[in-house]
Amino acid sequence: MRPYLAIQLAGTELWLLADKAIYYPAERALLIADAHFGKAAAYRRLGQPVPHGTTDHNLARLDALLAGYDCERLIFLGDFLHAPESHASATLAALQDWRERHPSLQITLIRGNHDKRAGDPPASLGFEVVAEPLLLGPFALQHEPTPHSSHHVLAGHVHPAYRLLGKGRQRLRLPCFYILQNISLLPAFGAFTGGMNIERQPGSRVYVVGDGAVWEAV
């Protein structure tokens, strides 16, 4: 099974990736929502016993996506850093090393609610940082899933997840892409971010991700 599923949205082809991202072939762009780099570090600063290595894991996943798809541009749809404590030296050093592996990649961050609190990434990372919306083709790229007057919104923030049908402990909850008439939600990219169950609306499409694949929930 291929690690992506091509769909038509707003008259445009998008690839929904099994690693919780979107590839936009016409723009050679990779779209990532809610990476929340440095979240574990922030929790450890508060004395919480959370896993180490999440930043390296997320960056390795990004490396694999950039190697697997023809990307000229990487766009973060908000919440790149989790909190002010995410500016820990180890987190920033890992991000700097990663950036130096991709010096020609154009990277844009659309500020999300966590970015406003955490502060912008260091200037040495060479990000373009903008407010929402960022218009690209027929899409308004945003962090908040609020309607746009003329463009279909691609947004993050919600960390959507979907419960597949089943009984009791047999019910499976997976991250998902949630496609509505005027707004579509990306799953959270970060490995330590959690998720919120969506209530499916009539006419919507839900694409769940798991086990290296993407498929439509029916």
If I take atom [atom1] from residue [X] and atom [atom2] from residue [Y], how far apart are they, to the nearest 0.5 angstrom?
X	Y	atom1	atom2	result
I22	L9	CD1	CG	8.0 Å
L134	I110	CG	CD1	4.5 Å
L5	L16	CG	CG	5.5 Å
L92	D97	CG	CG	11.0 Å
L65	I32	CG	CD1	6.0 Å
C71	L66	SG	CG	5.0 Å

Can you name the closest pair of heavy atoms from [X] and [Y] and give their distance?
X	Y	result
G156	P145	O-CD, 4.1 Å
P103	R101	CD-C, 3.4 Å
G119	L81	O-CD1, 4.1 Å
P121	F127	CG-CD2, 3.7 Å
A213	A18	N-CB, 3.5 Å
L31	L186	O-CD2, 3.9 Å

Check whether the side chains of [X] and [Y] place a donor and an acceptor atom closer than 3.5 Å, and report yes or no.
X	Y	result
N113	H143	yes
Q96	W98	no
H102	D63	yes

*Hey, quick one: are L135 and L154 part of the same hydrophobic cluster, counting side-chain heavy atoms closer than 4.5 Å, chains of contacts allowed?*
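No: no chain of side-chain contacts under 4.5 Å links L135 to L154.
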Using atom types as modelled and distance alone, determine if a side-chain donor or acceptor of [X] lies under 3.5 Å from a backbone N or O of [Y].
X	Y	result
N58	G190	no
R99	L105	yes
E132	E144	yes

*Ion pair present between R111 and D79, side-chain N to carboxylate O less than 4.0 angstrom?*
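Answer for the salt bridge query: no.
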Show the atom names and distances, to 0.1 Å, of all donor-acceptor pairs under 3.5 Å that link a side chain in residues 175-183 to residues at least two apart or in another chain.
unit_1	atom_1	unit_2	atom_2	d
Y178	OH	E199	O	3.2
Y178	OH	Q201	N	2.9

*asked:* If you define the side chain from C-beta out and look only at heavy atoms, does anything of R61 sit under 4.5 Å from K20?
replied: yes
_Any heavy-atom pair between the side chains of V130 and T108 that's under 4.5 Å?_
yes
*Do H36 and H159 make the cut of ring centroids closer than 6.0 angstrom?*
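Here the rings of H159 and H36 have centres that are less than 6.0 Å from each other.
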*asked:* Once ring-ring contact (aromatic ring centres under 6.0 Å, His included) is applied, do any residues pair with F139, and if so which ones, sequence neighbours excluded?
replied: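 In terms of ring-ring contact (aromatic ring centres under 6.0 Å, His included), with neighbours along the sequence ignored, F139 is linked to Y24.
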_D211 atom CG, over 12 foreign heavy atoms within 6.0 Å_ =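 It does not: D211 CG has 12 such atoms or fewer within range.
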_Between V209 and L174, does the side-chain contact (heavy atoms from CB on, under 4.5 Å) criterion hold? Intermediate values first, please._
CA-CA 6 Å; V209 299; L174 294 172; 5.8 Å; no
*Tell me, please, which residues at least two apart from E128 pass salt bridge (charged side-chain N to carboxylate O under 4.0 Å, His left out).*
R73
*Decide yes or no on side-chain contact (heavy atoms from CB on, under 4.5 Å) for L17 and V214, but give the supporting numbers first.*
CA-CA 7 Å; L17 307 185; V214 185; 5.8 Å; no
*For side-chain contact (heavy atoms from CB on, under 4.5 Å), just list the numbers for F37 and F80, CA-CA rounded to whole Å, side-chain angles, deciding distance to a tenth of an Å, and then say yes or no.*
CA-CA 6 Å; F37 283 109; F80 177 76; 3.4 Å; yes
*Does the side-chain contact (heavy atoms from CB on, under 4.5 Å) test come out yes or no for Y69 and Y4, once each step is laid out?*
CA-CA 11 Å; Y69 300 92; Y4 70 88; 3.7 Å; yes
